[in-house]
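Have a look at the structure below before the remarks.
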Amino acid sequence: MLKVYNSLTRRKEEFVPIEPGKVRMYVCGMTVYDYCHLGHARVLVVFDVIVRHLRSLGYDVTYVRNITDVDDKIIDRALKRGESIQRLTARYIEAMHEDADALGVLRPDFEPRATESMSDIIHMIQALLDKGYAYQADNGDIYYSVSHFEHYGQLSGKQLEDLRSGARVEVDEAKRDPLDFVLWKSAKPGEPAWPSPWGEGRPGWHIECSAMSTECLGAHFDIHGGGMDLKFPHHENEIAQSEAATGEHFVNYWIHNGFVQVDEEKMSKSLGNFFTVREILERYQPEEVRYFILASHYRSPLNYSDDNLDKARAALQRLYTALRDSGAVDAGSVEADQEYVRRFEAAMNDDFNTPEALAVLFELVRAINRARESGSAEVCRLAATLKQLGGRLGLLQADPEAYLRGPHGAGEEGPDDAEIDRLVARRDQARADRDWAEADRIREQLEGLGIVLEDSPGGTRWRRA
RNA sequence: GGCUGGGUGGCAGAGUGGCUAUGCAGCGGAUUGCAAAUCCGUGGACCUCGGUUCGACUCCGGGCCCAGCCUCCA
């Protein structure tokens, strides 16, 4: 039985889909005006694993992840770069896809864009106007009237009064209430604009997600996800918009992932303490980044440091070492060990507890190595189990030797394989001659190049440290 | 100020009302020409103060500390 922590109720709940056997899920994606940083990578990977797990349980999942391709930041950035908005967003959308692909993130089933959803957005705004939840201000902008929505604050646990007294909301003369938020911004010169019943303009940020999710998944769907920082006001506003416009309950389960932190502080653009995915991939393999993300529970903070990435590398080396020479190449055709599968699923069914699931993988590693030492025929089956379960997390699908020998980052320079093989062969000769001094000298030389040797009865092999 | 979430061994990071997390690092042993990899064994933790209980790191309450949201942010 799958249990999910629901941000709306603040407790773990049994997951029951609206329609048996089917899951409809929406995740807030990126605003494309810059490269993905590690925080974006976390959202991508976390929800990718959630989708993979739901599918492994047999659910038919429809996964929607939007792209925000028009907003103030995009407009500013395009202006500064002297580049058209279309060119800018196209570039960053492509970059995002490259990063997501590198990290082993499966593509969502639908990836709607705000600029391609204008009629849905306009229809929803019109519905809100018709029902009295929205009004047009003197400046032409359309606002959502927060006080008209009875349940405003249910997701974030905030009272309207508390929010008002918080008083950090910028006072805008056009608004009737400082907490009202914009649905449609009337066009200013030089800005991109679309025609609407209220004149040329563009949508506010919150309305696009309401419109796109409703369009792709219906007025009522199962899961809505995103980063913690979107809980308020973005998701709160989405609920207000969608439920007011459709009259239906919007989402059953809200899932929010925790932040990536640097030195105990949130990684964010405004603080300038962020690392882009491509920067990190200069020095680490994508799978190591993915492992690093999954080594913490999705709701916990994830502290970025080289030390923690190095630990991810060490962990993957142990996993892949167990898979080496195990006959698990074609793991899918081997029946998995059901006891380990059961424990893995129990961990994942407990609110997607990936650290616990990884612990099961390491217990499999020990079982494999033990079986190997005792010459048991179980090695292949256990290794196949490890590879299958790793696959459910999007890990361990590479050729073990290729992973262990591979360079550690896209930017790494080092000796090529042929050169290493040549040195290893020379050392083998020295060892055959029992010239230990020469053998050790070559080994140290290789060590200096970041190559570790492993002698075994079957011969010497090497990997990158 | 209001609202979330959290404080676990050297580090990272799960979990449980009484029983080994797991990984890295450490220590002892096996193995090895020496290493590496691997195996076996081992030390080490539950912020603080009360309460509930036969028994709490685990449940409840107070305190302290940390992060986040209340403004764009994954």
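Throughout, a chain's letter reflects where its sequence line sits, starting with A, and its residues are numbered from 1. Since this is a predicted model, take the numbers as computed values, not measurements.
With both ends at atom P, the span from B:rG29 to B:rG17 equals 40 Å, rounded to whole Å. If you take atom C1' in B:rC57 and the same atom in B:rG7, they sit 12 Å apart, rounded to whole Å. Of the P atoms belonging to B:rC40 and B:rG23, the separation is 10 Å, rounded to the nearest Å. The same atom, C1', is picked in B:rG28 and in B:rC46; the two are 27 Å apart, to the nearest Å. Distance check on atom P: B:rG41 versus B:rG6 gives 35 Å, rounded to whole Å. B:rU58 and B:rC39 have their P atoms separated by 34 Å, with the value rounded to a whole Å. Nucleotides B:rC72 and B:rG13 place their C1' atoms 32 Å apart, quoted to the nearest Å. A distance of about 38 Å separates the C1' atoms of B:rG9 and B:rG1, rounded to the whole Å.
Taking only side-chain atoms of A:A359, from C-beta outward, the nucleotide of B:rA74, B:rG68, B:rA21 with the closest atom is B:rA21. Closest to the side chain of A:A315, from the set B:rA14, B:rG23, B:rC3, is B:rG23. Side-chain atoms of A:E265 lie closest to B:rG68 of the nucleotides B:rG68, B:rA37, B:rG13. Picking from B:rC24, B:rA74, B:rC34 the nucleotide with the shortest atom distance to the side chain of A:R427 gives B:rC34. Of the listed nucleotides (B:rG68, B:rA14, B:rA37), B:rA37 has the atom at the smallest distance from the side chain of A:R324. When distances run from any side-chain atom of A:Q261 to the nucleotides B:rA74, B:rC73, B:rA67, the shortest one goes to B:rA67. Checking B:rU4, B:rC72, B:rG13 against every side-chain atom of A:K231, the shortest atom distance belongs to B:rU4. For A:E264, the listed nucleotide lying nearest its side chain is B:rC66; candidates were B:rG33, B:rC66, B:rC24.
Taking the six-membered ring for Trp and the full ring otherwise, the centers of A:Y143 and A:F181 sit at least 6.0 Å from each other. A ring-centre distance under 6.0 Å is not found for A:Y63 and A:Y26.
Across every strand in view, B:rA67 sits in a pair with B:rU4 that passes the Watson-Crick or G-U test at under 3.5 angstrom.
Under a 4.0 Å N-O distance rule, the pair A:R422/A:E419 does not qualify as a salt bridge.
For the pair A:Y298 and B:rA74, the criterion of a side-chain N or O lying under 4.0 Å from OP1 or OP2 is not met.
Note that CZ of A:F15 is 6.0 Å distant from OH of A:Y253, once rounded to the nearest 0.5 Å.
In this structure, the side chain of A:R464 engages the main chain of A:R405 through a donor-acceptor pair within 3.5 Å.
A:K266 places its NZ atom 7 Å from the P atom of B:rC70, with the value rounded to the nearest Å.
Evaluation of A:W436 against the base of B:rG33 yields a stacking contact (centre distance < 5.5 Å, interplanar angle < 30°).
Residue A:G227 is in sugar-phosphate contact alone, with no base atom involved, counting any heavy-atom pair closer than 4.0 Å across all strands shown.
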